[in-house]
> 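Mind looking over this structure? Questions follow.
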Amino acid sequence: MEKFKHEQQDPNQILLELAQKIEKIHETTFARYSEEDNDGFFDMYKRVTDKATEIKNKYPDYINYRMWHVLVGSTVDEKNPSTKFDFPDKDSLADFIRSL
């Protein structure tokens with residue numbers, strides 16, 4: 001079975017990269033917000049919430065994907081740890097976060 005592009009990389013490196021990306025997004029959006037560019041602030045968060053809703057509706061087991069937790073900023077339940085890393089192909093949340 002062919003591995004997805006992100007499965008060929010070290011998961012810890014991907015998480016570090018995406019955490020840095022999310023931090024930069026927050027810095028940028030807060031800077032925009034402080035400059036009263038509310039549209040830029042809300043547009044980015046609308047993209048994130050729309051993607052989260054799309055994934056949630058398409059994948060009943062979305063909660064089992066580690067990248068879901070990265071996207072929405074939730075923590076993984078220690079009793080039910082995420083067993084999968086990311087969604088396939090065009091649904092990849094790693095790729096989505098990189099595109100923000």
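Position 1 is the first residue of the sequence; numbering continues from there.
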> Going by ring-ring contact (aromatic ring centres under 6.0 Å, His included), name the residues that satisfy it together with Tyr65, two or more places apart in sequence or in a different chain.
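By the ring-ring contact (aromatic ring centres under 6.0 Å, His included) rule, Tyr65 matches Phe87.
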> To the closest 0.5 Å, what do you measure between NZ (Lys56) and CG (Leu71)?
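Rounded to the nearest 0.5 Å, the NZ-CG separation comes to 12.0 Å.
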> Find the distance between CG (Asp91) and CD1 (Ile55) and round it off to the nearest 0.5 Å.
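Asp91 CG to Ile55 CD1: 4.0 Å, rounded to 0.5 Å.
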> Enter the distance from Tyr59:OH to Glu54:CD here, rounded to the nearest 0.5 Å.
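It is 8.5 Å, given to the nearest 0.5 Å.
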> Verify, without hydrogens or angle tests, whether Ser92 (side chain) and Asp89 (backbone) share a donor-acceptor contact under 3.5 angstrom.
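Such a contact is absent between Ser92 side chain and Asp89 backbone.
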> Mind checking side chain to side chain donor-acceptor pair (under 3.5 Å) for Lys84 and listing every partner two or more places apart, or none if nothing turns up?
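Checked Lys84 against side chain to side chain donor-acceptor pair (under 3.5 Å); matches are Asp61.
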> Would you say Val70 and Ile97 make side-chain contact, with heavy atoms under 4.5 Å?
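They are in contact (side-chain heavy atoms under 4.5 Å apart), so the answer is yes.
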> Listed by chain and number, what are the side chain to side chain donor-acceptor pair (under 3.5 Å) partners of Ser74, not counting sequence neighbours?
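Result, side chain to side chain donor-acceptor pair (under 3.5 Å) vs Ser74: His69.
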> For Lys90, enumerate each residue passing the side chain to side chain donor-acceptor pair (under 3.5 Å) test, keeping only those at least two apart in sequence or located in another chain.
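Listed in chain order: nothing, the list is empty.
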> Enumerate the salt bridge (Lys or Arg N to Asp or Glu O under 4.0 Å) contacts for residues 64-76, please, sequence neighbours excluded, ordered by first and then second residue.
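Counting only pairs at least two positions apart or across chains, no salt bridge (Lys or Arg N to Asp or Glu O under 4.0 Å) contact touches residues 64-76.
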> Tell me whether Arg47 is salt-bridged to Asp50, with the criterion being a basic N under 4.0 Å from an acidic carboxylate O.
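A salt bridge is absent here (no side-chain N lies under 4.0 Å from a carboxylate O).
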> Could you give the distance from OH (Tyr62) to CG (Asn57), rounded to the nearest 0.5 Å?
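So the gap between those two atoms works out to 9.5 Å.
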